[in-house]
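Computed from a predicted structure; not experimentally measured. Proteins get letters first, then strands, A, B, ... in listed order; numbering begins at 1 in each.
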Amino acid sequence: GAVVSQHPSWVICKSGTSVKIECRSLDFQATTMFWYRQFPKQSLMLMATSNEGSKATYEQGVEKDKFLINHASLTLSTLTVTSAHPEDSSFYICSAREDGHEQYFGPGTRLTVT
Amino acid sequence: DQQVKQNSPSLSVQEGRISILNCDYTNSMFDYFLWYKKYPAEGPTFLISISSIKDKNEDGRFTVFLNKSAKHLSLHIVPSQPGDSAVYFCAASEHDYKLSFGAGTTVTVRA
């Protein structure tokens, strides 16, 4: 149980385009989902927290207009990187949790912006 | 501001011996601590956790120790196995909410 999936696992896009990453909880209802970003050999940095049906809460320094997060249902959250630039290339990881339970992480999405 | 610190970026240990990973934190409001294991290009997987009301938690080959006065926790893996080679992240949360992660320690288990 407690499986979180992400799609796509790897995406390459051109500079200036937008990319959407999906995060799904497959066997539980995720009241809260989190989006992280990891640079090579660095820690996971929390970008934002989203609760189903409400606006995401962004961490300091994260541009909410650039990283659009939608948590439309208890099993799906999406992260859209708008007008992507090469510096947005990174490994994006989502996690999901049901109230009172652990966070479970997705396998991550490697974004490369050319 | 890094509230969770793993000061050893790497650790090499011989198979069968003990691996000890260390983690320090600065936020005294943290009340729940976790260790995650991560392989390249994969998401972290949960290993073991400990609440601030305890000082030790054991699960098979993994034991986590918490020293609240020193704001320090450690993960012991014994005996170490080749499959343990991975990056280990220490994480902490306040009231079981969002996690703050350390920078990770890369463990290499030598045969």
Side-chain angles (χ1 to χ4, degrees), chain A residues 1-11 21-26 31-51 56-62 69 89-112, chain B residues 1-11 21-27 30-51 57 59 62 64 73 75 85-108:
Chain A
V3 178
V4 177
S5 70
Q6 276 184 246
H7 178 81
S9 56
W10 199 341
V11 58
I21 303 170
E22 290 186 351
C23 176
R24 292 181 186 273
S25 58
L26 299 185
T31 45
T32 307
M33 285 185 165
F34 303 86
W35 285 95
Y36 295 84
R37 181 174 180 176
Q38 186 188 23
F39 292 102
K41 298 185 179 179
Q42 293 189 30
S43 181
L44 282 74
M45 300 301 297
L46 179 65
M47 298 174 66
T49 303
S50 73
N51 293 293
T57 302
Y58 290 81
E59 295 298 303
Q60 192 172 13
V62 177
I69 291 171
S89 298
S90 192
F91 192 58
Y92 292 88
I93 306 174
C94 74
S95 70
R97 70 187 295 266
E98 191 173 10
D99 278 346
H101 294 265
E102 303 283 353
Q103 277 188 47
Y104 293 94
F105 286 81
T109 297
R110 170 74 58 195
L111 170 63
T112 301
Chain B
D1 179 28
Q2 195 79 5
Q3 298 186 78
V4 179
K5 298 179 183 178
Q6 292 176 256
N7 292 320
S8 296
S10 63
L11 171 70
L21 292 83
N22 293 301
C23 178
D24 297 294
Y25 60 96
T26 57
N27 186 346
F30 285 147
D31 58 7
Y32 194 59
F33 305 88
L34 310 92
W35 285 94
Y36 287 87
K37 178 179 180 180
K38 185 181 180 301
Y39 294 111
E42 292 184 13
T45 55
F46 170 75
L47 265 182
I48 192 168
S49 63
I50 188 167
S51 164
N57 188 25
D59 183 2
F62 303 93
V64 56
L73 63 155
L75 174 68
S85 295
V87 180
Y88 290 79
F89 288 97
C90 170
S93 73
E94 186 180 335
H95 306 313
D96 193 27
Y97 195 51
K98 59 183 183 181
L99 295 173
S100 295
F101 281 85
T105 297
T106 299
V107 173
T108 303

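With B:S100 contributing its side chain and B:V4 its backbone, the two residues share no donor-acceptor pair below 3.5 Å. Using a distance-only test at 3.5 Å, with no hydrogens or angles considered, no donor-acceptor pair links the side chain of B:Q3 to the main chain of B:F101.
Shown here for A:A56 and A:S50, the closest heavy-atom pair between the two residues is CB-CB, 4.0 Å. Closest heavy-atom contact between A:F39 and A:S89: CE2-O, 4.1 Å. The shortest heavy-atom contact between A:A96 and A:M33 is CB-CG, 3.9 Å.
Looking at B:L99, the atoms closer than 4.5 Å to chain A (heavy atoms on both sides) sit in the backbone and in the side chain alike. Heavy-atom distances place the side chain of B:Y36, and not its backbone, under 4.5 Å from chain A. For A:L46, the part sitting under 4.5 Å from any heavy atom of chain B is the side chain, from C-beta outward, and nothing else. Contacts between B:T45 and chain A at a heavy-atom distance below 4.5 Å are absent for every atom of the residue.
When the candidates B:A91, B:A41, B:P9 are compared by the number of heavy-atom contacts under 4.5 Å with chain A, B:A41 comes out ahead. Per-residue counts of heavy-atom pairs under 4.5 Å with chain B were compared for A:Q38, A:R110, A:Q60; the largest is that of A:Q38. Contact count versus chain A (heavy atoms, under 4.5 Å) is highest, among B:G104, B:A103, B:P44, for B:P44.
Aromatic ring orientation, A:F34 versus A:Y36: tilted (interplanar angle from 30° to 60°).
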